[in-house]
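Quick notes on the structure that follows.
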Amino acid sequence: MAATGTASVEYREFKMNPKMEYRRLGPSGLRVSSLSLGGWLTLGGTVKGDPVKDIVQAAFDNGINFIDVAESYAGGNSEREVGRVLKELNIRRSDIVLSTKVFFGVRKGPNATGLSRKHIFEGIHESLERLQTDYVDVYFAHRPDPSVPMEEVVRAFNWCINSGKALYWGTSEWSAREIEEAFHVANKFGLIGPIAEQPQHNLLHRQRPEVEFAPIYEKYGIKTTVWSCLASGKLTGK
């Protein structure tokens, strides 16, 4: 009887760009390229199909190892497109730092949005299915949710980590006070705090990331992965 087996996959090789900085993300040991590829308003939305593959391939081939999407981007299609092209390009999962976010959801309903344990639990499973992967590297709370106790939020993200669905968690558009509260809860109960915050940061929006967060950077070692660094195109000169 002839032996059978699974054909080996020839992965696309990741090559570090000597002109690219690879920095630790916050207090973690995770190293990300100083430039990342984000999917907001583009991947799966205004850009679909083969052009998405071209963009991801160009980023990867030029040393970008960090791809950032969210459950709500293009109604979930940003995650779907990124998951599809990573498979089609035969990019090894360990060569990519993949992050997504939870809060806004993809449908309407009393538990379909926000940061309840239920939505975080269901959101991570749905995101992983769309991304065609077993885990994300960083799972961001896309907005704060004052309607949910902070302990529930922190425990839910720790569940994602402990169950192997995410390696780290972070925040996006949270205030310094809210981040401080998350760390207070984490320290009190022996849980893992966020490693990064994703604020808007550009020449027109500097107060929060440069002033408000300064004590947080110093106290907890948290760092930022920013969005809209060109103010949605306003700073391009167009």
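Owing to the predicted nature of the structure, the values given are computational and were not obtained by experimental measurement. By convention here, the first residue in the shown sequence is residue 1. Basis for what follows: all heavy atoms, side chains included, without hydrogens, waters or symmetry-related copies.
- In this structure, the side chains of V47 and I55 come closer than 4.5 Å at one or more pairs of heavy atoms.
- Contact of the E180 side chain with the K219 side chain is registered, since non-hydrogen atoms from C-beta on lie closer than 4.5 Å.
- The side-chain heavy atoms of L86 and T133, taken from C-beta on, include no pair separated by under 4.5 Å.
- A donor-acceptor contact shorter than 3.5 Å is absent between the side chain of E21 and the backbone of S34.
- A distance of 9.5 Å separates CD1 in I222 from CH2 in W174, rounded to the nearest 0.5 Å.
- Inspection of the S99 and D68 side chains reveals an N or O donor paired with an N or O acceptor under 3.5 Å.
- Listed for the E173 side chain is no donor-acceptor partner under 3.5 Å among the backbone atoms of R143.
- Hydrophobic clustering of Ile, Leu, Val, Met, Phe, Trp and Tyr side chains at less than 4.5 Å, counting indirect connections, keeps V211 apart from F213.
- Using modelled atom types, one side-chain atom of Y22 and one backbone atom of N17 make a donor-acceptor pair closer than 3.5 Å.
- Listed by first then second residue, pairs satisfying ring-ring contact (aromatic ring centres under 6.0 Å, His included) with a partner in residues 46-67 read F14-F60, not counting sequence neighbours.
- A 4.5 Å side-chain heavy-atom check between R208 and H201 finds every atom pair outside the cut-off.
- When all heavy atoms of L43 and A74 are compared, the pair lying nearest together is O-CB, 4.4 Å.
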*Dump the intermediate steps for salt bridge (Lys or Arg N to Asp or Glu O under 4.0 Å) on D137 and R93, then the final yes or no.*
CA-CA 10 Å; D137 295 277; R93 178 64 184 86; 2.9 Å; yes

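- Residues E126 and V106 are in side-chain contact: their nearest non-hydrogen atoms beyond the backbone lie under 4.5 Å apart.
- The cluster map of Ile, Leu, Val, Met, Phe, Trp and Tyr, joined by side-chain heavy atoms under 4.5 Å apart, puts Y135 and I96 in different clusters.
- Residues S28 and I195 share a closest heavy-atom pair of OG-CD1, 3.8 Å.
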*Between E210 and H205, is a side chain to side chain contact (heavy atoms under 4.5 Å, CB included) present by the stated rule, with each step listed?*
CA-CA 9 Å; E210 296 182 21; H205 293 84; over 6 Å; no

_Walk me through whether I91 and V85 qualify under side chain to side chain contact (heavy atoms under 4.5 Å, CB included)._
CA-CA 9 Å; I91 291 177; V85 300; over 6 Å; no

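- In E88, the CD atom is crowded: over 12 heavy atoms of neighbouring residues, nucleotides or ligands sit closer than 6.0 Å.
- Two different hydrophobic clusters hold F157 and L25 under the rule that ILVMFWY side chains link at heavy-atom gaps under 4.5 Å.
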*List the steps, then state whether side chain to side chain contact (heavy atoms under 4.5 Å, CB included) holds for D61 with R12.*
CA-CA 9 Å; D61 290 347; R12 181 179 297 272; 3.7 Å; yes

*Go through the steps to decide whether E79 and Y73 satisfy the test side chain to side chain contact (heavy atoms under 4.5 Å, CB included), and finish with yes or no.*
CA-CA 8 Å; E79 291 177 325; Y73 291 173; over 6 Å; no

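- S175 and E212 share no side-chain donor-acceptor pair at under 3.5 Å.
- Distance alone, capped at 3.5 Å, is enough to place a donor-acceptor pair between the R24 side chain and the P27 backbone.
- Residue pairs satisfying the ring-ring contact (aromatic ring centres under 6.0 Å, His included) criterion with at least one member in residues 86-119, sequence neighbours excluded, are listed as follows: F104-H142.
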*How far apart are the C-alpha atoms of K165 and Y139, what are their side-chain angles, what is the distance that settles it, and do they pass the side chain to side chain donor-acceptor pair (under 3.5 Å) test?*
CA-CA 9 Å; K165 309 294 184 183; Y139 197 31; over 6 Å; no

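- Side chain of D145 to backbone of L115: a donor-acceptor contact under 3.5 angstrom is found.
- Taking both residues in full, the closest heavy atoms of V69 and S78 are given as CG1-OG, 3.4 Å, listed atom of the first, atom of the second, then distance.
- Under a 3.5 Å cut-off, the side chain of N65 and the backbone N or O of R31 do form a donor-acceptor pair.
- The two residues A59 and L37 have their closest heavy-atom pair at CB-CD2, 4.2 Å.
- A donor-acceptor pair under 3.5 Å is formed between the side chain of T46 and the backbone N or O of L41.
- Rounded to the nearest 0.5 angstrom, R84 CZ and N77 CG are separated by 10.5 Å.
- A continuous path of hydrophobic side-chain contacts links I120 to L131 [ILVMFWY only; heavy atoms under 4.5 Å].
- Using cut-offs of 30° and 60° on the angle between ring planes, the pair W159 and H125 is tilted.
- V97 is not listed as a side-chain neighbour of I67, based on a closest heavy-atom distance of 4.5 Å or more.
- Looking at L98 and V82, their side chains come closer than 4.5 Å, going by heavy atoms from C-beta outward.
- No salt bridge links E81 with K53; every basic N to acidic carboxylate O contact stays at or beyond 4.0 Å.
- At a cut-off of 3.5 Å, with distance as the only test, no side-chain donor of N158 or R155 sits close to an acceptor on the other residue.
- Side-chain atoms of T224 and E197 form no donor-acceptor pair, as typed in the model, at a separation below 3.5 Å.
- A distance of 6.0 Å separates CG of N162 from CD1 of I192, quoted to the nearest 0.5 Å.
- V138 pairs in a side chain to side chain contact (heavy atoms under 4.5 Å, CB included) with only one of the listed residues (T225, L167, L30), which is L30.
- The CD atom of Q200 sits 13.5 Å away from the CZ atom of R206 when rounded to the nearest 0.5 Å.
- Counting only residues at least two apart or on different chains, the ring-ring contact (aromatic ring centres under 6.0 Å, His included) pairs with a member in residues 215-238 are W40-W227, F183-Y220.
- S127 and E71 are not linked by any side-chain donor-acceptor pair at a separation below 3.5 angstrom, with hydrogens and angles left out of the test.
- For the pair W169 and A182, the tightest heavy-atom approach, listed with the atom from each and the gap, is CH2-CB, 4.2 Å.
- Across N202 and C229, no two heavy atoms sit closer than the pair CB-O, 3.2 Å.
- The OG atom of S36 lies 7.5 Å from the CD1 atom of I64; values are rounded to the nearest 0.5 Å.
- The structure places CD of E122 at 7.5 Å from CG of N111, a figure rounded to the nearest 0.5 Å.
- Between the side chain of S228 and the main chain of S232, a donor-acceptor pair closer than 3.5 Å is present.
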